[in-house]
Protein chains: 2
Amino acid sequence: MKFSMKGEYGLRLAVNLARSYPTIKNTKDIAAEENISLKYLERLIGELRKKEIVKSFKGKDGGYILARNPKKISAGEVIEVMEGTFTSKCMDTHCVQVKKCPSSFVWIKLGEQIRKTLYGIKLSDLIK
Amino acid sequence: MKFSMKGEYGLRLAVNLARSYPTIKNTKDIAAEENISLKYLERLIGELRKKEIVKSFKGKDGGYILARNPKKISAGEVIEVMEGTFTSKCMDTHCVQVKKCPSSFVWIKLGEQIRKTLYGIKLSDLIK
DNA sequence: TTAATATCCTACTCAATTAGTATGATATAA
DNA sequence: TTATATCATACTAATTGAGTAGGATATTAA
């Protein structure tokens with residue numbers, strides 16, 4: 001489980017689109033505003049599209065919009081797409097102890113709290 | 001910010017020593033019990049020693065014990081030593097916006113929650 | 001005092017991941 | 001039909017994770 005620039009970028013993209021919702025916005029404009037290279041942004045936003053957080057429109061005057069209302073999309077959802085699912089069990093993928101492992105208690109508790117925190121924050125909360 | 005096997009191992013070592021507290025225990029025994037290679041364990045426990053979470057005794061019949069009572073050492077403290085401090089600001093180390101950045105709100109909130117969760121769990125809670 | 005024991009230190013390896021870049025194919029609407 | 005914009009794939013360079021290897025150093029029991 002990690003939180004890196006990938007999640008940061010994903011969140012910025014989503015918040016940017018939340019601001020202009022429900023207007024279509026193209027990657028060139030977003031890249032300029034968010035200071036991300038156009039090419040990298042294209043790749044990242046592609047992941048958000050595959051997970052149906054944004055919708056795309058090809059061709060002239062095309063671009064992206066959020067797939068749902070900013071009130072209905074959480075920061076957690078976006079970050080989880082970019083970073084992978086938040087762990088809720090032992091870090092050791094080969095671990096078979098499951099219940100005996102004392103540290104698994106910690107990771108489960110941690111995962112719950114992270115999920116509660118990040119799913120509680122909606123994109124609409126982040127546009128001031 | 002990340003949570004990996006390094007933190008898992010650190011926590012296991014600490015919990016293991018919490019169980020035998022306040023008896024000295026050597027790395028060979030811990031390695032066998034926790035299924036970590038002796039050499040790797042030596043390196044990891046060295047980091048815990050430098051941060052004064054464990055104390056070491058050299059020479060024959062030497063080994064390690066917790067530097068404090070298991071009730072006074074939290075999971076967060078141990079994990080933070082292994083993984084680095086939990087982020088409380090924007091992931092972007094070059095970011096100078098500080099307050100304008102909408103995502104920084106998310107990371108600050110997340111950091112607070114993680115800290116609250118992990119510092120609330122003591123080693124004594126993890127030995128059944 | 002010396003031999004056994006155990007910690008301590010540094011450097012190395014190997015694979016995976018992060019944070020991009022580069023090139024171009026594909027779809028669409030004006 | 002052409003300009004525009006998304007979409008797909010492959011590549012790279014630097015960093016990190018996870019672990020190994022070899023030996024130096026300190027201590028204490030015999």
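Lettering of chains follows the sequences in order, A, B, ..., and the numbering in each one begins at 1.
The nearest whole Å value for the distance from the CD atom in B/Glu42 to the C1' atom in D/dT25 is 13 Å. Rounded to whole Å, the distance from NZ on A/Lys60 to P on D/dT1 is 18 Å.
Residue A/Gly7 is the one, among A/Asp61 and A/Gly7, whose nearest nucleotide of DNA chain C lies closer to the 5' end (criterion: closest heavy atom). Nearer the 5' end of DNA chain C, as judged by each residue's closest nucleotide, is the contact made by A/Leu38, out of A/Phe57 and A/Leu38.
Residue A/Arg49 is classed as a sugar-phosphate contact, given heavy-atom separations below 4.0 Å to backbone atoms only. Within the 4.0 angstrom heavy-atom criterion, only backbone atoms of the sugar-phosphate kind lie near A/Lys6; the bases stay farther away. Nucleic acid contact for B/Gly62: sugar-phosphate only, since backbone atoms but no base atoms lie under 4.0 Å from a heavy atom of the residue.
Contact check, B/Ser56 against C/dC8: a side-chain N or O comes under 4.0 Å of OP1 or OP2. Contact check, A/Thr27 against D/dT6: a side-chain N or O comes under 4.0 Å of OP1 or OP2. Phosphate contact (OP1/OP2 of C/dG20, side-chain N/O of A/Tyr9, threshold under 4.0 Å): present. Contact between the side-chain N/O atoms of A/Ser37 and the OP1/OP2 oxygens of C/dG20 is not found at any separation under 4.0 Å. An OP1 or OP2 oxygen of D/dC7 is reached within less than 4.0 angstrom by a side-chain nitrogen or oxygen of A/Tyr64.
Side chain of B/Arg43, nearest nucleotide from D/dG19, C/dT5, C/dC8: D/dG19. For A/Lys58, the side-chain atoms get nearest to D/dT6 when compared with the rest of C/dT21, D/dA21, D/dT6. For A/Asn26, the side-chain atoms get nearest to D/dT6 when compared with the rest of D/dT20, D/dT6, D/dA8.
A 4.5 Å side-chain heavy-atom check between A/Val54 and A/Leu13 finds every atom pair outside the cut-off.
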*asked:* Between B/Lys109 and B/Glu112, does the salt bridge (charged side-chain N to carboxylate O under 4.0 Å, His left out) criterion hold? Intermediate values first, please.
replied: CA-CA 5 Å; B/Lys109 206 117 203 189; B/Glu112 278 170 10; 5.9 Å; no
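A/Glu77 has a carboxylate O that lies under 4.0 Å from a charged side-chain N of A/Arg68, or vice versa, which qualifies the two as a salt bridge.
Nearest approach of B/Phe86 to B/Gly76, heavy atoms of both residues: CZ-O, 4.0 Å. Looking at every heavy atom in both residues, B/Ala75 comes nearest to A/Val106 through CB-CG2, 4.3 Å.
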